[in-house]
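Keep in mind it's a predicted model, so treat the numbers as computed, not measured. Worth knowing before you read on, the calculation uses all heavy atoms, side chains too, and leaves out hydrogens, waters and symmetry mates. Along the sequence shown, residues carry numbers from 1.
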Amino acid sequence: MQLEIRPDPAEVGRARRWARSRLAGSGIEADEPLAENLILLVSELVTNAVVHTGRPAVLRLSLPGPATPAAPSATVRVEVSDTSSRAPVPRCASGDATGGRGLALVDCLADRWGWSPEGAGKSIWCELDRCSQPRESAAMACGGGLPAYEGLAFEAV
C-alpha cells in the first residue's frame, strides 16, 4: 500500500494518520511498541523527504497479516521514495540543534534500514521485526550515552 506525499510539511501528519489507519487490519494494536515505533519511523522518513528535497515523495508500507500460532512474527517495512538522487549524508548536530537526528533515530529504532537508487531518485527504507526485543532508546542513540552517535546525526537529502 502506498500514499503520495506532496512537498509540504503538513503532509507528515497526514502520513502518520494514514499509517495508523492501516495498522488495525494487520493485527498490530495501536498501543503496541511496534506501532509507536512504526509511526515515529514514518514521521522521520517522510519529514526527511519533504524538508530536504522539497519534492513529492511516495510512502509505502508493507504490513503483515494478523499473527497466528503458525506465524507469530512478521516484518513491517516502511519505505519513502523521492526524486532526489542525493544520497543520505552524515551531519553533526549539536546538543541544542532542533533537527538533524532523523536517521540516527531510524538507525536506533529499526531492525534494519538502508537506501538505494530508484529511477532518477532514491528510496530509503527500514524494517521492524514484530518479535524483536526492545532496543536502546532513541534518546540514548541521539546524544544520551552511545559513543557511536555522540555529536553525530544524519540528514537524508
Side-chain angles (χ1 to χ4, degrees), residues 1-23 26 28 30-64 74-118 121-130 132-146 148-157:
M1 61 188 87
Q2 70 180 34
L3 177 68
E4 303 288 327
I5 305 291
R6 295 181 310 270
D8 175 357
E11 289 288 88
V12 178
R14 187 171 76 94
R16 284 191 301 261
R17 288 187 300 277
W18 178 82
R20 276 190 199 101
S21 74
R22 301 306 184 264
L23 293 176
S26 70
I28 299 171
D31 60 349
E32 279 186 54
L34 176 70
E36 294 170 3
N37 288 343
L38 172 73
I39 298 305
L40 181 55
L41 290 166
V42 164
S43 187
E44 290 301 328
L45 293 181
V46 170
T47 296
N48 280 345
V50 168
V51 170
H52 296 297
T53 72
R55 300 176 185 177
V58 176
L59 166 62
R60 294 184 192 92
L61 286 180
S62 297
L63 298 171
T75 297
V76 176
R77 183 176 175 102
V78 176
E79 184 176 343
V80 176
S81 300
D82 61 52
T83 57
S84 170
S85 61
R86 291 179 49 199
V89 271
R91 83 174 202 196
C92 292
S94 71
D96 294 335
T98 59
R101 294 175 181 84
L103 288 180
L105 284 170
V106 172
D107 185 57
C108 178
L109 294 173
D111 291 301
R112 289 165 298 287
W113 76 274
W115 75 278
S116 60
E118 183 176 285
K122 68 177 170 304
S123 177
I124 299 177
W125 58 269
C126 62
E127 294 178 339
L128 293 166
D129 296 329
R130 192 169 193 180
S132 290
Q133 295 300 314
R135 299 176 65 191
E136 294 286 345
S137 73
M140 290 294 289
C142 296
L146 291 180
Y149 291 101
E150 191 167 317
L152 180 65
F154 297 89
E155 172 184 11
V157 291

Would a 4.5 Å heavy-atom cut-off, applied to side chains only, mark [X] and [Y] as touching?
X    : Y    : value
R16  : V46  : no
T53  : T83  : no
L45  : L103 : yes
L23  : E32  : no
V106 : I124 : no
I28  : V76  : yes
V42  : L61  : yes
L128 : N37  : yes

So which atom in [X] and which in [Y] form the shortest heavy-atom distance, rounded to 0.1 Å?
X    : Y    : answer
T75  : R112 : CG2-NH2, 3.8 Å
I39  : A19  : CD1-CB, 3.7 Å
S123 : E118 : CB-OE1, 3.5 Å

Quick one: pull up [atom1] in [X] and [atom2] in [Y] and give me the separation to the nearest 0.5 Å.
X    : Y    : atom1 : atom2 : result
R60  : Q2   : CZ    : CD    : 5.0 Å
L59  : E4   : CG    : CD    : 10.0 Å
T47  : L105 : OG1   : CG    : 10.5 Å
C108 : E44  : SG    : CD    : 11.5 Å
E79  : C126 : CD    : SG    : 9.5 Å
W113 : W125 : CH2   : CH2   : 9.0 Å

Are the side chain of [X] and the backbone N or O of [Y] linked by a donor-acceptor pair below 3.5 Å?
X    : Y   : answer
D82  : A49 : no
E11  : R6  : yes
K122 : R86 : yes

Just checking, is any N or O donor in the side chain of S84 or R55 under 3.5 Å from an acceptor N or O on the other one?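 Their side chains do not contain a donor-acceptor pair, so the 3.5 Å distance test is not met.
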
